[in-house]
Amino acid sequence: MEFTINQIAGMLKGEVQGDGNLKINMLGKIQDAKQGQIAFLANPKYEQFIYTTLASAVIVKKDFQAKKEILTTLILVDDPYTSFTLLLEEYHKAINFQKIGVEEPSFISKNVTVGKNIYRGAFSYIGHNVAIGDNVKIYPHVFIGDNVIIGNNTILHANVKLYADTKVGNNCVIHSGTVIGSDGFGFAPQDDGSYKTIPQLGNVIIEDNVAIGANTVIDCATLYGDSTIIRQGVKLDNLIQVAHNVEIGKNTVIAAQTGISGSSKVGENNMIGGQVGIAGHLVIANNTGIGAQAGIGKSIKEEGSRIIGSPAFDVKEYFKAYAVFKRLPDLNERLRELERKMHQLNGSLESEIEKMEDEE
Amino acid sequence: MEFTINQIAGMLKGEVQGDGNLKINMLGKIQDAKQGQIAFLANPKYEQFIYTTLASAVIVKKDFQAKKEILTTLILVDDPYTSFTLLLEEYHKAINFQKIGVEEPSFISKNVTVGKNIYRGAFSYIGHNVAIGDNVKIYPHVFIGDNVIIGNNTILHANVKLYADTKVGNNCVIHSGTVIGSDGFGFAPQDDGSYKTIPQLGNVIIEDNVAIGANTVIDCATLYGDSTIIRQGVKLDNLIQVAHNVEIGKNTVIAAQTGISGSSKVGENNMIGGQVGIAGHLVIANNTGIGAQAGIGKSIKEEGSRIIGSPAFDVKEYFKAYAVFKRLPDLNERLRELERKMHQLNGSLESEIEKMEDEE
Amino acid sequence: MEFTINQIAGMLKGEVQGDGNLKINMLGKIQDAKQGQIAFLANPKYEQFIYTTLASAVIVKKDFQAKKEILTTLILVDDPYTSFTLLLEEYHKAINFQKIGVEEPSFISKNVTVGKNIYRGAFSYIGHNVAIGDNVKIYPHVFIGDNVIIGNNTILHANVKLYADTKVGNNCVIHSGTVIGSDGFGFAPQDDGSYKTIPQLGNVIIEDNVAIGANTVIDCATLYGDSTIIRQGVKLDNLIQVAHNVEIGKNTVIAAQTGISGSSKVGENNMIGGQVGIAGHLVIANNTGIGAQAGIGKSIKEEGSRIIGSPAFDVKEYFKAYAVFKRLPDLNERLRELERKMHQLNGSLESEIEKMEDEE
């Protein structure tokens with residue numbers, strides 16, 4: 001991909017200062033960009049680099065006042081960061097959606113509906129009665145089980161596995177190695193100490209605009225007709241565990257290695273840190289913030305809570321308690337000292353009193 | 001799959017009340033089942049739904065006494081939950097074992113023995129000298145290394161990876177993305193600060209009736225002839241780490257994201273929560289219960305222990321200690337207050353005593 | 001593979017005592033080795049077995065003095081453990097590098113450079129403009145994205161996934177299911193509570209002699225030209241999360257299920273336990289030791305620190321504090337008792353003083 005600076009400026013609705021006919025083939029950082037690259041200047045502390053950068057173009061704020069001579073071409077915009085992000089996004093889209101067509105060998109069953117501009121990588125597998133929307137990108141080694149439905153513009157990276165009956169919405173991205181729809185962890189104890197597997201017949205529903213990292217696992221619901229549900233706009237990081245019948249509310253963001261146990265309902269717009277554990281059958285209110293490594297053992301009813309610890313409670317209270325925890329040996333010593341003094345005091349007081357009583 | 005109610009009643013040894021010729025093609029929940037579905041009523045709090053359900057049949061207890069008119073067909077049994085579970089199981093089996101035959105392209109090496117009613121999905125790979133029992137289901141993208149042995153009725157979901165020399169028993173289920181037999185984490189420190197890899201030559205043995213979730217990892221043993229062993233009836237959830245030379249005892253159940261370090265022996269019938277960490281070279285007694293996020297730093301010798309915390313100790317003691325932990329800032333304040341009082345007291349006592357002594 | 005004892009002794013520069021023409025086809029442990037196997041004796045507590053072992057040969061220390069008759073052939077060396085390790089290593093190399101050639105079907109794009117003695121397993125996928133060195137072993141189901149560069153003698157086990165632009169050095173081993181180069185977790189909050197994906201355009205660089213376990217994830221850097229970097233000699237265990245723009249220093253060893261958040265720089269020669277969490281944008285000094293399940297919330301500036309806890313602090317201090325934590329209910333009781341006594345004391349003192357004052 002190669003564009004002229006003028007073309008890029010047009011896309012960003014910016015004004016060109018300098019040679020707009022130069023060609024750009026890459027994005028870069030202002031401090032180490034090379035010829036042919038475009039960078040941006042948003043943070044004033046990087047201003048020094050605009051005078052020395054080798055970038056062919058730099059996106060700057062409209063009212064930028066140069067203090068020295070500038071050799072690179074400028075694109076003047078309202079908000080350089082937003083413009084650069086837009087550019088990154090276009091670039092990303094260009095990369096992610098450029099793959100089109102079918103690589104062989106690939107496997108596609110009967111009764112499969114497929115939209116326009118699909119990419120089906122080599123060794124990808126599509127089961128029976130699958131329906132796939134437009135612009136879907138199915139990378140190599142992806143497994144799509146029977147009866148799966150996938151919306152438009154969704155990207156399944158190499159080796160994503162969708163078990164039978166999974167539904168994925170529009171504009172989703174799922175990264176490599178992630179498993180969706182595996183059996184929930186349900187076992188009924190038997191009299192001899194062994195366990196009987198409770199068959200897992202539900203599915204997983206992933207709504208629109210969901211992003212899921214790599215090697216994450218989302219189990220299906222237990223009963224037929226039930227679903228584990230990831231609501232629209234949810235962002236899940238890598239290596240996350242989402243158990244059967246969990247529901248994660250709109251626009252909730254969860255960091256890596258967190259686990260949510262069966263049947264818990266996580267509210268909307270939560271921010272959940274990494275390595276958090278949430279027990280089963282809980283309800284977490286909207287707008288809850290949960291700190292890294294927290295253990296959630298009971299439902300969070302109040303919206304806007306900020307909690308941490310295992311079991312978790314209010315963040316500020318936790319850190320106050322933890323500050324004292326670190327000094328516990330000292331507290332213990334002080335307590336012992338007080339006991340010693342109390343003992344002495346009682347002794348001396350008693351003896352004083354005795355003495356006084358004797359004197360009386 | 002479609003059965004008449006009479007056929008299902010026969011399977012469950014139940015008695016039909018109503019039209020037994022209706023056809024059932026699906027299982028459902030009593031509160032939202034539709035025509036053609038069969039549901040069950042075990043919990044009395046759902047009784048209201050039996051009078052309004054659209055389910056074509058409901059499984060109820062033999063002695064069920066209707067309080068209103070019932071429109072659906074009933075199947076009367078001894079224990080509705082058990083009967084429904086049996087049905088779910090049959091249904092599940094029907095689904096899981098229905099796939100038969102070989103999809104192409106698939107890869108099978110020389111000297112491979114394969115039983116009856118096998119399914120080998122497209123892009124599955126079978127190495128040299130592999131022996132596979134009857135009714136084994138090998139989903140797409142499964143990798144089976146050289147010399148692997150697999151028993152009867154075992155299901156390997158899409159993309160399971162079995163390294164060379166792994167042994168898997170009968171009636172096992174392993175979910176997508178799980179890796180069995182990868183190298184243990186063994187490195188010998190060298191004088192220059194670098195590490196030399198200690199070759200890992202042992203294998204993994206998985207006994208009968210073991211269930212393993214998705215994206216779990218079980219490393220092989222270090223020395224040739226040694227094995228990491230998962231005993232019969234063990235149930236492992238998703239994203240679990242089982243290090244080299246670990247042994248997990250019969251019917252032990254382990255929740256997601258737990259990790260067991262090298263050479264530890266976990267007893268039988270343990271219940272281990274999620275995100276637990278167990279250090280290396282430990283022995284965990286039978287019937288131990290370990291709470292979520294616990295850290296186990298030493299062996300558990302007493303059977304029936306219930307522990308939590310990091311490092312873990314008795315659950316009840318932990319929660320008592322944690323209750324005080326939450327009030328530590330208050331304790332600290334009270335301690336300070338006592339010190340203040342003690343100081344005052346000592347002062348006033350001294351002055352009193354001085355006064356008294358002066359008076360004497 | 002079969003060697004005579006004389007051949008093995010030659011490789012180890014050891015001296016043969018007994019029949020050097022016997023053939024060895026396997027390594028074993030002295031206590032249960034069988035005919036045709038070779039074992040070693042390093043730890044004196046295993047000496048008893050040298051008199052009864054069925055091993056065809058045992059590697060012992062030069063100055064070993066037998067107390068009874070020995071039936072097996074001995075190989076006398078300076079350091080039996082090192083010699084045995086060398087043998088294990090040769091054996092391992094023989095196993096790992098024995099696979100050569102291309103299994104079909106496999107997929108290889110245009111403009112791919114491939115070295116000598118390559119193994120490309122069935123269903124492996126190689127994208128455009130990839131460069132692969134000599135002796136590289138690419139197991140089945142491996143995915144290698146466009147523009148990836150791989151050095152010599154590197155092993156990619158079944159189903160490793162390398163996203164586009166990843167660089168892997170020489171002598172690396174990456175285990176099954178590991179994902180390298182997936183998108184970092186970057187989302188910009190929007191006014192309506194939703195998030196916009198920040199495109200991730202950087203890559204991952206893995207230097208020489210790096211070992212990575214199974215189902216681990218390493219995200220790519222955010223900006224084009226930036227890299228998440230794993231320095232030479234680093235050893236990563238299974239199920240580890242390495243976020244975007246992280247750098248892990250030379251010869252650092254990290255145990256399973258640990259997570260490192262975005263942009264943190266981990267020093268050289270660190271030893272990091274399992275299930276550790278490291279927050280974003282931190283710097284961890286060289287030679288830091290971090291205990292299992294620790295939570296690192298701020299940079300570690302002092303080299304040689306040993307820390308644990310969440311948030312982590314000095315190991316010794318932590319365990320002292322934790323010892324008191326376990327007795328917190330007792331401390332609380334003692335505190336209450338002191339308060340009671342103080343109250344009494346104040347009361348009795350006051351009454352004494354009042355009495356005395358009355359008497360005056």
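To find a chain, count down the sequence lines: A is the first, B the second, and so on, and within it residues start at 1. Note that this is a predicted model, so its numbers are computed, not measured.
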State whether a side-chain donor-acceptor pair under 3.5 Å links A:Gln241 with B:Gln257. no

Step through the shown structure and confirm whether more than 12 heavy atoms of other residues, nucleotides or ligands are within 6.0 Å of OH on B:Tyr81. no

Just so I understand: if I count every heavy-atom pair under 4.5 Å between each of B:Leu27, B:Leu338, B:Asn159 and chain A, which residue has the most? B:Asn159

Of the backbone (N, CA, C, O) and the side chain (C-beta and beyond), which part of B:Asn332 lies under 4.5 Å from a heavy atom of chain A, both, or neither? both

Let me know if B:Pro329 has heavy atoms under 4.5 Å from chain A in its side chain, its backbone, both or neither. both

Part of B:Arg334 within contact of chain A (heavy atom distance under 4.5 Å): neither

Stepwise side-chain contact (heavy atoms from CB on, under 4.5 Å) check, A:Ile206 with A:Ile180: CA-CA 9 Å; A:Ile206 293 171; A:Ile180 314 243; 3.5 Å; yes

Distance under 6.0 Å and angle within 45° of the ring axis: does B:Lys235 meet both against A:Phe185? no

Counting the benzene-type ring for Trp, do A:Tyr163 and B:His157 have ring centres under 6.0 Å apart? yes

Heavy-atom distance under 4.5 Å to chain B: side chain of A:Phe325, backbone, both or neither? both

What residue in A:Leu328, A:Asp226, A:Val217 has the most heavy-atom pairs under 4.5 Å with chain B? A:Val217

Strictly under 6.0 Å, is that where the ring centroids of A:Tyr139 and A:Phe123 end up? no

I'd like to know if the side chain of B:Ser176 reaches the main chain of A:Val179, judged simply by a donor and an acceptor atom lying under 3.5 Å from each other, with no hydrogens or angles considered. no

Answer with side chain, backbone, both or neither: which region of B:Glu268 has an atom nearer than 4.5 Å to a non-hydrogen atom of chain A? neither

So what's closer than 4.5 Å to chain A heavy atoms on B:Leu239: side chain, backbone, both or neither? side chain

Under 4.5 Å from any heavy atom of chain B, what part of A:Ala294 do you find: side chain, backbone, both or neither? backbone

Interface check, chain B: of A:Ser194, A:Gly177, A:Gly225, most non-hydrogen pairs under 4.5 Å belong to A:Ser194

A:Leu223 versus chain B, the contacting section by heavy-atom distance below 4.5 Å: side chain

Can you tell me which portion of A:Val276 sits under 4.5 Å from chain B's heavy atoms? Options are side chain, backbone, both or neither. backbone

Counting only heavy atoms closer than 4.5 Å, note whether B:Ala211 contacts chain A via side chain, backbone, both or neither. side chain

For B:Glu339, is it the side chain, the backbone, both or neither that has a heavy atom under 4.5 Å from a heavy atom of chain A? both

If one checks every heavy atom of B:Lys341 against chain A at 4.5 Å, the contacting part turns out to be neither

Are the side chain of A:Thr228 and the backbone N or O of A:Ile218 linked by a donor-acceptor pair below 3.5 Å? no

Could you verify whether a donor N or O on one side chain and an acceptor N or O on the other, from A:Asp219 and B:Asn238, lie under 3.5 Å apart? yes

Under 4.5 Å from a heavy atom of chain B, the part of A:Thr216 involved: backbone

Relative to chain B, which segment of A:Leu335 carries a heavy atom at a distance below 4.5 Å: side chain, backbone, both, or neither? both

Is it the side chain or the backbone of A:Ser109 that comes within 4.5 Å of chain B heavy atoms, both, or neither? neither

Counting only heavy atoms closer than 4.5 Å, note whether A:Pro311 contacts chain B via side chain, backbone, both or neither. both

Can you tell me if B:Thr258 uses its side chain to pair, donor with acceptor, with the backbone of B:Gly273 under 3.5 Å? yes

Counting only heavy atoms not in B:Tyr46, do more than 12 sit closer than 6.0 Å to its OH atom? no

Among side-chain atoms of A:Thr222 and A:Gln200, is any donor-acceptor pair under 3.5 angstrom? yes

More than 12 heavy atoms of other residues, nucleotides or ligands under 6.0 Å from CD of B:Gln31: yes or no? yes

Segment of B:Ile254 engaging chain A (4.5 angstrom heavy-atom cut-off): backbone

Turns out that what part of A:Phe187 lies under 4.5 Å from chain B's heavy atoms comes down to side chain

Go through the atoms of B:Leu236 and report whether side chain, backbone, both or neither lie under 4.5 Å from a heavy atom of chain A. backbone

Proximal component of A:Val160, with respect to chain B [non-hydrogen, under 4.5 Å]: neither

B:His175 versus chain A, the contacting section by heavy-atom distance below 4.5 Å: both

Chi angles and distances behind the side chain to side chain donor-acceptor pair (under 3.5 Å) call for B:Glu103, B:Tyr119: CA-CA 8 Å; B:Glu103 292 169 352; B:Tyr119 166 57; 3.1 Å; yes

